[in-house]
Amino acid sequence: MDGAMKLHEYQAKQIFSNYGIPIPNGTVARTPAEAAEAVASYGGRGVVKAQVHAGGRGLAGGVKVVGSPQDGSEFAGGLLGSHLVTHQTDANGVPVDQVLVEELADIATEMYVAITMDRNHRGPVLIASAAGGMSIEEVAATNPDAIVTEVVEPGLGLMPFQCRRVAARLGMSGATARQGADVISALYRIFADNDCSLVEVNPLIVTGEGGVVALDAKMDVEDDALFRHSDLRELRDRSQEDQLEARAADDDIAYVSLDGSVGCLVNGAGLAMATLDVANAAGAAPANFLDVGGGATEEKVATAVGIILSDPKVDRVLVNIFGGILRCDVAARGIVMAYEEQQATQPLVVRMLGTNLVEGKEILAQSTLNVTFTDTLTEAAAALSTSAGGRG
Ligand code: GDP
Ligand code: MN
């Protein structure tokens, strides 16, 4: 989770089109028959593209140029209902519920253009390269001089001269360069108007006739700004997201899935970060970052623990609660509630301090849970690294 909502290619392209950026004619298909029909409508040829929240679809077999409606139907049939694994997904991949069928483009040259937030400049930056189709990481590694950047002054926006300069450095001239500058300017307005953390077009192409067309489209919208974009909120596709992260976000719990096997329940983001460091240092790799928040109720703690226990990677749980506003007895009741609800058996190592500590410990000690109490975080981490980690 990077704090942003991703859009599908077809959704982003609709927005591109609203801003005057040329896109190929396209149709979203949810069945092989719909895909065949769309290919037929484009003269019996087209390109079929899996709609998933991940890049690298081309290399992963999620994009194909097809030469007949039958070909389109077969390729769509193989994708629809399957999971696509790309270098940007985990091993489970992401479900393909729809494909985008597009009219074939006449590609003369492929370019890369993206706008993203740059931490060093504390503002947006445009990144472009004439080596389209390739990932920007690849270009950065093999041919860094080919990368064009323009820093945006947030109060001014991307200036017309900057758009023209980028178009020229991408090798465009004449009417193509003028159209290219317009497209780049529109991409920046899309980025700014929609509170994006990323707008990426790879490839942006020049056609045989010199037209500029966005052949791919990526838009990530800042989660924190979604409250003022009800139209964008409706485009959310939860099936594409990490299910546990999505559940946590619904309940206002700060949760990030990690690779280890120790589920972590902590209150306070700083304490959660410190907990991850100490657990890692003790060789007990965390399965997640989780900050249940200061004012959590029993139910919210139970939801948080439920999310932790739903993660199949989790074979032990570390609780590190500093009971200030969140009282230890409230946390303890929430923990027991979640364990009982899921009939979970993963052992817990608990370090609690603060308000109603005695009551909190009492509730856990009298439960059927396998609890080890420790006084310090260091002891807790040591207890974790020696605990068997048997999962029930
Ligand atoms: P990605 O791999 O997820 O970035 O998917 P893209 O949408 O960028 O498609 C991958 C590649 O398929 C592009 O770089 C193009 O080379 C190719 N492609 C996409 N659309 C067309 C098209 O209309 N015609 C042709 N010939 N190739 C296309
Ligand atoms: Mn692409």
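We count ligands from 1, going down the list as the structure has it; atoms in each ligand are counted the same way.
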Polar proximity ligand 1 side, K49 side, N/O cut 3.5 Å exclusive
yes

If you measure from each non-hydrogen atom of V47 to ligand 1, which part falls under 4.0 Å: side chain, backbone, both or neither?
side chain

Checking a contact table here: which protein heavy atom is nearest atom 16 (O) of ligand 1, and how many Å away?
E110 OE2, 2.9 Å

Closer than 4.0 Å to some heavy atom of G58 - which atoms of ligand 1 meet that?
1 (P), 2 (O), 3 (O)

Considering the heavy atoms of L215, write down every atom of ligand 1 situated less than 4.0 Å from one of them.
19 (C), 20 (N), 21 (C)

So the atoms of ligand 1 within less than 4.0 Å of a heavy atom of A105 turn out to be 22 (C), 23 (O), 24 (N)

Could you tell me if S261 and R316 have a donor-acceptor pair between their side chains, going purely by distance under 3.5 Å?
yes

Find the distance between CD (Q51) and CG (L84) and round it off to the nearest 0.5 Å.
11.0 Å

Between P203 and ligand 1, does any nitrogen or oxygen pair lie at a separation below 3.5 Å?
no

N, O or S from D216 under 2.8 Å to the Mn ion (ligand 2):
yes

May I ask you to check if ligand 1 and G55 share an N or O to N or O distance below 3.5 Å?
no

What I want to check is whether the side chains of H53 and D237 have a donor and an acceptor closer together than 3.5 Å.
no

Check whether more than 12 heavy atoms from other residues, nucleotides or ligands sit under 6.0 Å from atom CZ of R45, and answer yes or no.
no

Min heavy-atom dist E102 to ligand 1 below 4.0 Å:
no

Which of the ligand 1 atoms, numbered from 1, are nearer than 4.0 Å to a heavy atom of L104
22 (C), 23 (O), 24 (N)

Note: ligand 1 atoms sitting under 4.0 Å from heavy atoms of D216 are 1 (P), 4 (O), 5 (O), 6 (P), 7 (O), 8 (O)

Looking only at protein heavy atoms, which one is nearest to atom 3 (O) of ligand 1, and how far off is it?
R57 NE, 2.8 Å

Have a look at ligand 1 and work out which part of I107, if any, has a heavy atom under 4.0 Å from it: side chain, backbone, both or neither.
side chain

Polar contact flag, side-chain donor to acceptor under 3.5 angstrom, Y112-S135:
no

Evaluate the 4.0 Å heavy atom contact test for atom 21 (C) of ligand 1: does a protein atom fall under the cut-off?
yes

Using distance alone, with no hydrogens and no angle criterion, decide if Y255 and D291 have a side-chain donor and acceptor under 3.5 Å apart.
no

So does E241 have more than 12 non-hydrogen atoms from other groups sitting under 6.0 Å from CD?
yes

D259 atom CG: more than 12 heavy-atom contacts under 6.0 Å:
no

Any idea which protein heavy atom is nearest atom 12 (O) of ligand 1, and the distance to it?
V63 CG1, 3.8 Å

So if I apply the side chain to side chain contact (heavy atoms under 4.5 Å, CB included) rule between C264 and each of N320, L276, L290, which one comes out positive?
L276

CG/D277: more than 12 non-hydrogen atoms of other groups inside 6.0 Å
yes

